[in-house]
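Position 1 is the first residue of the sequence; numbering continues from there.
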Amino acid sequence: MSPSATEKSQAKSSGHKSEDVDGLHNEWKFRAPYKVHSNEDGFNALYEANCHCERVKYQLSREKPLDAKYCHCTTCQVLHGAPFQWAAIFKKEDINFTHGHHELGWYDSGEKTTKHKLPCKVSCAYCRTPIMDEGRNMILLFPGMIKWKSEAERKKFAPSCHMFYEQRVVDIPDGLPKWSGMSGKTDLIGDSPAEDVKKRKREIEEEENGENAVKDEKKSKSSKKG
């Protein structure tokens, strides 16, 4: 959907240049998560963040992420140049880019192309700071970019677990749940809380019992037909 004249006017009145607003090539800036919010939108900016060179800046309106996790997958290790990644999940409407739309670059790690194809990696095209991972419905932001005003703010972004811990290059004995792969879908390993491990085992047993019940039902129907 193309932006209205009012939306473009509001973007310009908020300080954005005409060349960064007008034209078909700029329409993506009016869709979440890149939508240019105005004061009239009622966007309540609670946090501010920027890349290393400060060409890209954004605000967040949600007090705490939907979830936050440490990811140890080898892709994150390579793309972030770090042992693991700290990511916080937000809705696309929770972010407001105040500067640097034209400074963003995309990368599709699946096809290894620089197309804006979801899901994709978003970074500053100048200093290469990772900005976020854009999914089809959500975005994964990197809290290290946020300018904390207090320790209490930072604690609201505390990770709930580790993902792809089986691929780790460093042990983190912090007592958090540690999933071998995707969280909630794989085994819990390392120093994961005992209660969480027991719960996961019960879930796996229930899943296996459900699968076996389906197989038995199919066999029963097949034998009746025979």
Side-chain angles (χ1 to χ4, degrees), residues 1-3 7-8 11-12 14-38 41 43 45 47-62 65-147 157 163-164 167 182-183:
M1 183 177 178
S2 300
E7 288 177 315
K8 291 183 178 181
K12 293 175 185 177
S14 297
H16 296 277
K17 298 178 181 179
S18 295
E19 57 264 35
D20 295 331
V21 174
D22 296 324
L24 292 174
H25 62 290
N26 283 318
E27 288 190 357
W28 59 272
K29 298 175 184 178
F30 294 86
R31 296 190 293 268
Y34 307 102
K35 179 182 178 182
V36 179
H37 291 272
S38 66
D41 289 339
F43 188 91
Y47 304 103
E48 294 185 349
N50 59 261
C51 64
H52 187 268
C53 70
E54 299 188 10
R55 281 173 166 79
V56 177
K57 298 179 181 181
Y58 68 76
Q59 302 171 326
L60 290 173
S61 63
R62 186 178 292 274
L66 300 172
D67 199 0
K69 305 175 182 181
Y70 288 138
C71 182
H72 297 258
C73 77
T74 53
T75 296
C76 286
Q77 290 175 27
V78 172
L79 291 176
H80 287 259
F84 54 90
Q85 171 216 83
W86 177 19
I89 304 173
F90 283 85
K91 292 183 178 180
K92 292 189 176 185
E93 290 291 346
D94 294 334
I95 191 171
N96 178 37
F97 281 93
T98 58
H99 192 268
H101 285 80
H102 56 294
E103 299 288 356
L104 294 174
W106 294 277
Y107 179 65
D108 177 354
S109 59
E111 297 183 357
K112 298 184 178 180
T113 66
T114 54
K115 297 178 181 178
H116 181 229
K117 179 183 177 183
L118 301 181
C120 70
K121 310 286 184 180
V122 185
S123 62
C124 171
Y126 189 82
C127 69
R128 309 300 178 182
T129 298
I131 305 297
M132 65 181 177
D133 286 359
E134 182 187 0
R136 293 175 178 80
N137 302 305
M138 302 288 179
I139 53 176
L140 298 181
L141 298 174
F142 310 120
M145 296 177 61
I146 298 173
K147 306 303 178 186
F157 286 69
M163 296 193 308
F164 294 96
Q167 299 176 26
M182 285 293 291
S183 58

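With hydrogens and angles ignored, the 3.5 Å screen pairs a side-chain donor or acceptor of Lys92 with a backbone N or O of Gly135.
A side-chain donor from one of Gln85 and His80 sits under 3.5 Å from a side-chain acceptor of the other. Remark: the Lys69 side chain and the Ser183 side chain contain an N/O donor-acceptor pair separated by less than 3.5 Å.
Looking at heavy atoms from C-beta onward, Ile131 lies in side-chain contact with Val56 at the 4.5 angstrom threshold. Counting only heavy atoms from C-beta outward, the side chains of Asn96 and Leu60 never approach each other to under 4.5 Å.
Considering every non-hydrogen atom in both Ile95 and Pro33, the closest pair reads CG2-O, 3.2 Å. For Cys120 against His116, the heavy-atom pair with the smallest separation is SG-CD2, 3.7 Å.
Taken to the nearest 0.5 Å, the CZ atom of Phe84 stands 11.5 Å off from the SG atom of Cys76. The CD atom of Glu54 lies 11.0 Å from the SG atom of Cys124; values are rounded to the nearest 0.5 Å. In this structure, CZ on Phe142 lies 13.5 Å from CZ on Phe157, to the nearest 0.5 angstrom. To the nearest 0.5 Å, atoms CG (Leu141) and CD (Glu134) are separated by 11.0 Å. In this structure, OG1 on Thr129 lies 8.5 Å from CG on Asn50, to the nearest 0.5 angstrom. Between the NE2 atom in His72 and the CD atom in Gln167 there is a gap of 10.5 Å [rounded to 0.5 Å].
Environment of NZ in Lys112: sparse, with no more than 12 heavy atoms of neighbouring residues, nucleotides or ligands closer than 6.0 Å.
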Practice problem: Please assess Lys115 against Asp108 for the test side chain to side chain contact (heavy atoms under 4.5 Å, CB included), listing each intermediate value before the final yes or no. | Solution: CA-CA 6 Å; Lys115 297 178 181 178; Asp108 177 354; 5.5 Å; no

Exercise. Could you walk me through whether Tyr70 and Phe164 pass the ring pair (Phe, Tyr, Trp, His ring centres under 6.0 Å) test, one step at a time?
Key: CA-CA 9 Å; Tyr70 288 138; Phe164 294 96; over 10 Å; no

Practice problem: Apply ring pair (Phe, Tyr, Trp, His ring centres under 6.0 Å) to His52 and Tyr126, showing your working. | Solution: CA-CA 9 Å; His52 187 268; Tyr126 189 82; over 10 Å; no

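Using a cutoff of 4.0 Å between basic side-chain nitrogens and carboxylate oxygens, Lys121 and Asp133 are scored as salt-bridged. Salt bridge annotation for Lys57-Glu48: absent, with no cationic side-chain nitrogen under 4.0 angstrom from a carboxylate oxygen.
Put simply, the residue from Met145, Met132, His99 that forms a side-chain contact (heavy atoms from CB on, under 4.5 Å) with Tyr58 is Met145.
Classified by interplanar angle (parallel below 30°, tilted 30° to 60°, perpendicular above 60°), the ring pair Tyr34/Trp106 is perpendicular.
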